[in-house]
Amino acid sequence: MTANITVDPESGTAPYEQLRAQISEQARSGVLPVGHRLPTVRGFAEELGLAANTVAKAYRALEADGVIETRGRNGTFIAAAGDTADRNAAAAARAYAEQARRLGLSRARALELAQDAVRAVFAD
C-alpha cells in the first residue's frame, strides 16, 4: 500500500518537496502507519515519473526529520517518530529566540517576526 501521492510538475514547489511534504503529512496523520514499508527509490521514481535523485533527496530529508528510517537492504520504513517533529520545531524556535536576543530584538518584535514567518509559510 502506497498512499495517494501525486507530484504536480506545474507547481511552484520543487517535486522533492512535494513528495517530502505528502509523505510527512501522511505519516503524521496515520495514513502511512508506523512500520509501513515505502517503495525503493528507483521504484517510487518510476511510479511517480520522477528522477531517482529527486526521490532520494526527499527520502534524505524525511530521514533527517525522523519521519522515515532506512534499514539497509531491508528497505525504508515509516519511523516511530513519537514527537520528533515537536522536538525539532522546539529546537529551531529556541535557536531563533537566541539569535533574536543576540541581535538585540525585543521579545515583542521577535514574536512579531516569527508570527509573520509562520503566516507566510502556512498561507495555503
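Computed from heavy atoms alone, side chains included, the values below leave out hydrogens, waters and symmetry copies. In this chain, residues are counted from 1 in sequence order.
Between Ile5 and Phe44, some side-chain heavy-atom pair lies under the 4.5 Å cut-off. Residues Gln115 and Val118 have side chains not in contact (no heavy-atom distance under 4.5 Å, counting atoms from C-beta outward). Counting only heavy atoms from C-beta outward, the side chains of Val55 and Leu19 approach each other to under 4.5 Å. No side-chain heavy atom of Thr76 sits less than 4.5 Å from a side-chain heavy atom of Arg37. At least one side-chain heavy atom of Leu113 sits under 4.5 Å from a side-chain heavy atom of Tyr96. Annotation: side chain of Phe77 is in contact with side chain of Arg71 (closest heavy-atom distance under 4.5 Å).
Clustering ILVMFWY residues whenever any of their side-chain heavy atoms sit less than 4.5 angstrom apart, transitively, puts Ile78 in the very cluster that holds Leu62. The cluster map of Ile, Leu, Val, Met, Phe, Trp and Tyr, joined by side-chain heavy atoms under 4.5 Å apart, puts Val7 and Ile23 in the same cluster. Both Val67 and Tyr59 are members of a single hydrophobic cluster when ILVMFWY side chains are connected at heavy-atom separations under 4.5 Å.
With rounding to the nearest 0.5 Å, the separation of OG1 in Thr54 from CD in Glu17 is 12.5 Å. Atom CD of residue Glu25 and atom CG of residue Leu32 lie 10.0 Å apart, to the nearest 0.5 angstrom. Between atom CD of residue Glu112 and atom CG of residue Leu105 there is a gap of 10.0 Å, rounded to the nearest 0.5 Å. To the nearest 0.5 angstrom, Leu38 atom CG is 10.5 Å from Glu69 atom CD.
Shown here is Glu46, whose CD atom has no more than 12 heavy atoms of other residues, nucleotides or ligands within 6.0 Å.
Residues Glu63 and Arg60 are not paired through a salt bridge, judged by the lack of any N-O separation under 4.0 Å between the basic side chain and the carboxylate. Here Glu98 does not pair with Arg101 in a salt bridge; the nearest charged N to carboxylate O distance is not below 4.0 Å.
Between the side chain of Ser11 and the main chain of Thr13, a donor-acceptor pair closer than 3.5 Å is present.
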